[in-house]
K.L.:
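Have a look at this one.
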Amino acid sequence: MNRLCHEERGVRDLDKLNDPTYPAFTIGQAADMLGVQQAFLRSLDGADVVTPERSGGGHRRYSKQQLEFVARMRELFDQGHTLAAASRILWLEDELAAAYDEISELRQRLGYTERRGG
């Protein structure tokens with residue numbers, strides 16, 4: 001019985017990896033996946049742009065969602081944007097996406113169907 005409980009808990013723990021907000025990646029893993037220096041990730045943390053979770057030992061842990069944000073941030077840096085501009089652009093993009101999602105949900109609630117020319 002004890003082994004079964006342990007195995008069930010292990011499966012539930014693995015399910016956390018499907019959660020895009022679960023802090024599964026160390027700073028080294030994150031830097032390797034993104035092709036950036038760890039110092040770049042630390043600088044984003046220091047600027048309060050991306051705030052990773054901390055392990056019990058104080059080590060940074062990044063979620064998939066945070067890594068996707070950092071990748072977008074890196075693209076904007078590569079295009080010549082400053083930290084402030086890149087942060088603002090990403091914030092506005094995320095706000096716009098949320099607004100589109102809300103509009104879509106409201107349209108569904110109202111039974112709105114888009115008419116297409118024919």
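The first residue in the sequence is number 1, and the count goes up from there.
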K.L.:
With the side chain counted from C-beta on, respond yes when Leu90 and Glu95 share a heavy-atom pair under 4.5 Å apart, and no when they do not.
P.N.:
no
K.L.:
Does some side-chain heavy atom of Asp45 sit less than 4.5 Å from a side-chain heavy atom of Pro52?
P.N.:
yes
K.L.:
Do the non-hydrogen side-chain atoms of His59 and Thr26 ever get within less than 4.5 Å of each other?
P.N.:
no
K.L.:
What's the shortest heavy-atom distance between Ser63 and Pro20, and which atoms?
P.N.:
CB-O, 3.3 Å
K.L.:
Check whether Val70 and Leu83 end up in the same hydrophobic cluster, where Ile, Leu, Val, Met, Phe, Trp and Tyr are linked by side-chain heavy atoms less than 4.5 Å apart.
P.N.:
yes
K.L.:
If you define the side chain from C-beta out and look only at heavy atoms, does anything of Gln38 sit under 4.5 Å from Arg60?
P.N.:
no
K.L.:
Taking Tyr22 as the starting point, is it possible to reach Ile27 by hopping between hydrophobic residues whose side chains are less than 4.5 Å apart?
P.N.:
no
K.L.:
Drop me the distance from Ser87's OG to Leu44's CG, to the nearest 0.5 angstrom.
P.N.:
8.0 Å
K.L.:
Between Phe25 and Met33, is any pair of side-chain heavy atoms under 4.5 Å apart?
P.N.:
yes
K.L.:
What's the spacing between Arg88 CZ and Leu76 CG if we round to 0.5 Å?
P.N.:
14.0 Å
K.L.:
If every non-hydrogen atom of Ala24 is compared with every non-hydrogen atom of Gln29, which pair is closest and at what distance?
P.N.:
O-OE1, 3.8 Å
K.L.:
What pair of heavy atoms forms the shortest contact from Phe69 to Val49, and how long is it?
P.N.:
CE2-CG1, 3.6 Å
K.L.:
How many angstroms lie between atom CD of Gln37 and atom OG of Ser43, to the nearest 0.5 angstrom?
P.N.:
11.0 Å
K.L.:
Work out which heavy atom in Arg61 is nearest to a heavy atom in Gln66; give both atom names and the distance.
P.N.:
O-OE1, 3.9 Å
K.L.:
If you measure from OG1 on Thr21 to CD on Glu53, what distance do you get to the nearest 0.5 Å?
P.N.:
8.5 Å
K.L.:
Let me confirm one number: the CE-CD1 distance from Met73 to Ile89, rounded to the nearest 0.5 Å.
P.N.:
9.5 Å
K.L.:
Quick check: closest heavy atoms across Leu41 and Ala31, and the distance to 0.1 Å?
P.N.:
CD1-N, 3.6 Å
K.L.:
What pair of heavy atoms forms the shortest contact from Leu67 to Leu34, and how long is it?
P.N.:
O-CD2, 3.6 Å
K.L.:
Determine, step by step, whether Glu68 and Lys64 satisfy the salt bridge (Lys or Arg N to Asp or Glu O under 4.0 Å) criterion, reporting the C-alpha distance in whole Å, the side-chain angles of both residues, the deciding distance to 0.1 Å, and the verdict.
P.N.:
CA-CA 6 Å; Glu68 289 168 351; Lys64 182 178 182 227; 3.4 Å; yes
